[in-house]
Amino acid sequence: MAARSRYAELARQLGALGTVKRGLARALPADCPAGCAAVLTMVDRYGEMRLSRLAELLAVDVSVTSRHVTHATRRGWLARSPDPADRRSRILRLTPAGAALLDELTGRTTAMFARTLADWTDDDVGRLNALLDRLRESFVDGRERAGAARERP
C-alpha cells in the first residue's frame, strides 16, 4: 500500500484535472456540452438502454441525465422508442446524426491531445491510459463492494 502522503498528492492532482476537463470542453461544439457528449458516448459504447441505466453508468442523478438526453434528442442525436418489455419506459439509441457527431468529437479531442501531449512518448500515453483505466476500475470495484456491504444484514 502506498504512503498516505502519496494519496494526498493523488487527491491534489485529480482535483487539478479541472484544467484538462476545461480544455476538453473547449474542443466541443457550442451546442454539445460535456454532459451531452458523455451521454452520447455511453449510448454508443453500451448500446440501447433505458434512462435509468444511463444515469447509473454516468454515476449521476436521473434528473441530470434526463436534461442531457432531452438536449441530445431535440438535436436529433438520440432517439427514444417504447421499451417492448414495459411500454411506459423508453429505450434510448444513438441516431446516425449522433454517431456522426461522436466521430467529430473524437477527431477534435484526439487532435487536442495530440497537440497538447506532442512531447510525450507512446509509452507515456499508454501508461497513463492503463493507470487511468485501473483507477476507474478500482472505483467501480469499490462501489460494488460498498453496495454488497450495505445489503448484508
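Residue numbers count from 1 along this sequence.
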*Could you tell me whether the side chain of D133 reaches within less than 4.5 Å of the side chain of N129, counting heavy atoms only?*
no
*asked:* Using 0.5 Å steps for rounding, measure from the OG1 atom of T65 to the NE2 atom of H68.
replied: 7.0 Å
*asked:* Run the side chain to side chain donor-acceptor pair (under 3.5 Å) test on T121 and D123 for me, step by step, so that the C-alpha distance in whole Å, both residues' side-chain angles and the decisive distance to 0.1 Å come before the verdict.
replied: CA-CA 5 Å; T121 67; D123 286 344; 5.1 Å; no
*asked:* side chain to side chain donor-acceptor pair (under 3.5 Å) for R75 and H71? Distances and angles first, verdict last.
replied: CA-CA 7 Å; R75 279 156 182 77; H71 182 86; 3.2 Å; yes
*Looking only at heavy atoms, which two atoms of A72 and L40 are closest? And how far apart?*
CB-CD2, 4.1 Å
*Heavy-atom distance under 4.5 Å between the side chains of T73 and T70, does that happen here?*
no
_Assess the residue pair T116 and V20 against the criterion (side-chain contact (heavy atoms from CB on, under 4.5 Å)); give the C-alpha distance rounded to whole Å, side-chain angles, the decisive distance to 0.1 Å, and a yes or no._
CA-CA 10 Å; T116 306; V20 176; over 6 Å; no
*Does L58 reach the side chain of V64, with side-chain heavy atoms less than 4.5 Å apart?*
no
_Electrostatic pair R90:D83 at N-O distance under 4.0 angstrom_ = no
*Side chain to side chain, P29 and L101, heavy atoms closer than 4.5 Å*: yes
*Kindly say whether T106 contributes a backbone atom to a donor-acceptor pair with the side chain of T109 at under 3.5 angstrom?*
yes
*Looking at L102, V69, D31, which one forms a side chain to side chain contact (heavy atoms under 4.5 Å, CB included) with W77?*
D31
_Separation of R45 CZ from M42 CE (nearest 0.5 Å)_ = 4.5 Å
*CG/L117 to CG/D119 distance, rounded to the nearest 0.5 angstrom?*
7.5 Å
*With a 4.0 Å cut-off, would you call E9 and R12 a salt bridge?*
yes
*Between CG of L57 and OG1 of T41, what distance do you get to the nearest 0.5 Å?*
12.0 Å
*Are E48 and L94 side-chain neighbours, meaning at least one heavy-atom pair lies under 4.5 Å?*
no
*Can you tell me how far the CZ atom of R67 sits from the CG atom of D61, to the nearest 0.5 Å?*
8.0 Å
*asked:* Tell me the closest heavy-atom pair linking G76 and A97, and the distance in Å.
replied: O-CB, 3.6 Å
*Side chain of R80, backbone of L92: donor and acceptor closer than 3.5 Å?*
no
*Please assess L54 against Y46 for the test side-chain contact (heavy atoms from CB on, under 4.5 Å), listing each intermediate value before the final yes or no.*
CA-CA 9 Å; L54 180 57; Y46 294 101; over 6 Å; no
*According to a 4.5 Å side-chain heavy-atom criterion applied to Ile, Leu, Val, Met, Phe, Trp and Tyr, with indirect links allowed, do L131 and W120 form part of one hydrophobic cluster?*
no
*Quick one: does L105's side chain get under 4.5 Å of C32's, heavy atoms only?*
yes
*With a 4.5 Å limit on heavy-atom distance, are the side chains of P82 and I91 in contact?*
no
*For the atom pair CG (L24) and CZ (R26), what is the distance rounded to the nearest 0.5 Å?*
9.0 Å
_Just so I know, are the side chains of R108 and M112 near enough to count as touching, which here means a heavy-atom distance under 4.5 Å?_
no
